[in-house]
Amino acid sequence: YQRRVHGIIISIMASQGIKFCSECSNMLYPVEVPEERKLIFECRSCHWKQVVEGTDPNEYCVYHHEVTVGKDSILIDPELSLDKTLSRVKNQCCPKCGCNEAVFFQNPSSGTGDEGMSLIFVCCGRNPTGQLCGHHWNQEKKKKQIIH
């Protein structure tokens, strides 16, 4: 199954099926034997054991956890707008508060392959209570095509 946590897609896949004991028909549980570097399936009722052999991942895969970082998985701290070393613009209107000032930087995961460079803008505005807006948005910049 898949789920998204803080912009990170987490895929979890169990092995292809549940294994059952050939002696008593109860479920077999995976057990690691570290000193022999082996995986066995053992019945908790009658203690029958099945050694895993072969190279088929469906035979020895007990649990598969895959984490994929998506494009929207970057966490932005609102206080980034206070960083004096970042480039600033005064012509980018924040979609959230309407402030025209923002800091920007290049998205670390963009600019590779045929994709254009992606800039991330962070609003410098403050709400009436003095808290930073901190809203961020992307702006794609297309690569220039050279015409011969």
Side-chain angles (χ1 to χ4, degrees), residues 1-21 26-44 49-148:
Y1 82 103
Q2 282 191 343
R3 68 179 179 174
R4 182 177 286 268
V5 178
H6 301 294
I8 297 174
I9 299 169
I10 297 178
S11 301
I12 297 175
M13 178 183 77
S15 90
Q16 292 294 329
I18 298 172
K19 299 187 182 312
F20 294 96
C21 178
N26 283 312
M27 193 167 85
L28 295 176
Y29 292 89
V31 177
E32 180 185 10
V33 184
E35 54 275 355
E36 296 178 24
R37 294 186 48 108
K38 288 187 177 180
L39 175 68
I40 62 170
F41 287 96
E42 182 178 7
C43 176
R44 291 185 181 167
K49 295 176 184 171
Q50 175 187 355
V51 177
V52 177
E53 295 176 3
T55 57
D56 182 15
N58 295 329
E59 281 293 314
Y60 62 80
C61 181
V62 176
Y63 181 78
H64 179 83
H65 184 121
E66 182 178 314
V67 177
T68 306
V69 178
K71 285 186 176 181
D72 60 343
S73 66
I74 296 174
L75 299 175
I76 306 289
D77 185 355
E79 292 191 359
L80 221 67
S81 62
L82 301 175
D83 189 343
K84 301 294 182 192
T85 63
L86 290 175
S87 299
R88 293 181 177 273
V89 291
K90 296 194 182 216
N91 62 353
Q92 284 290 323
C93 184
C94 172
K96 185 176 176 184
C97 73
C99 177
N100 287 333
E101 187 177 356
V103 296
F104 67 95
F105 56 94
Q106 182 179 349
N107 184 345
S109 64
S110 72
T112 58
D114 291 333
E115 303 171 8
M117 179 176 72
S118 174
L119 297 178
I120 298 177
F121 290 87
V122 181
C123 178
C124 294
R126 294 183 179 268
N127 65 19
T129 62
Q131 288 182 320
L132 290 169
C133 171
H135 181 71
H136 61 278
W137 64 97
N138 290 4
Q139 182 181 54
E140 299 289 326
K141 291 224 174 193
K142 300 295 180 194
K143 287 185 174 179
K144 293 181 182 178
Q145 291 184 346
I146 300 172
I147 301 173
H148 295 279

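Residues take their numbers from the sequence shown, with the count starting at 1.
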*For the student: nearest non-hydrogen atoms of P78 and V122, plus distance*: O-CG1, 4.4 Å
*Separation of R126 CZ from C97 SG (nearest 0.5 Å)*: 11.5 Å
*Considering only heavy atoms from C-beta outward, does the side chain of V51 approach that of L39 to under 4.5 Å?*
no
*Please tell me if the side chains of F105 and I76 come closer than 4.5 Å, counting only heavy atoms from C-beta onward.*
yes
*Under the side-chain contact (heavy atoms from CB on, under 4.5 Å) rule, what do N26 and R44 come out as? Steps first, then yes or no, please.*
CA-CA 8 Å; N26 283 312; R44 291 185 181 167; over 6 Å; no
*Going from CZ on F121 to CD on Q92, what distance comes out if it is rounded to the nearest 0.5 angstrom?*
4.0 Å
*Heavy-atom pair of closest approach, residues F104 and V89*: CE2-CG1, 3.4 Å
*Given the rule in the side-chain contact (heavy atoms from CB on, under 4.5 Å) test, do C124 and R88 qualify, once you have shown the distances and angles that lead to the verdict?*
CA-CA 9 Å; C124 294; R88 293 181 177 273; 3.1 Å; yes
*asked:* Pair F41, K19 - check side-chain contact (heavy atoms from CB on, under 4.5 Å), show working.
replied: CA-CA 8 Å; F41 287 96; K19 299 187 182 312; 3.6 Å; yes
*asked:* Is there a side-chain contact (heavy atoms from CB on, under 4.5 Å) between C123 and H136? Walk through the geometry before answering.
replied: CA-CA 6 Å; C123 178; H136 61 278; over 6 Å; no
*For the atom pair CZ (F20) and SG (C43), what is the distance rounded to the nearest 0.5 Å?*
11.0 Å
*Are side-chain heavy atoms of P95 and H135 found at a separation under 4.5 Å?*
yes
*Closest heavy-atom contact between L28 and Q50?*
CD1-OE1, 3.6 Å
*For the residue pair V103 and L80, what are the closest heavy atoms and their distance?*
CG2-O, 3.9 Å
*asked:* Please report the interatomic distance SG(C99) to CG(N127), rounded to the nearest 0.5 Å.
replied: 11.5 Å
*For the residue pair C94 and W137, what are the closest heavy atoms and their distance?*
CA-CH2, 3.7 Å
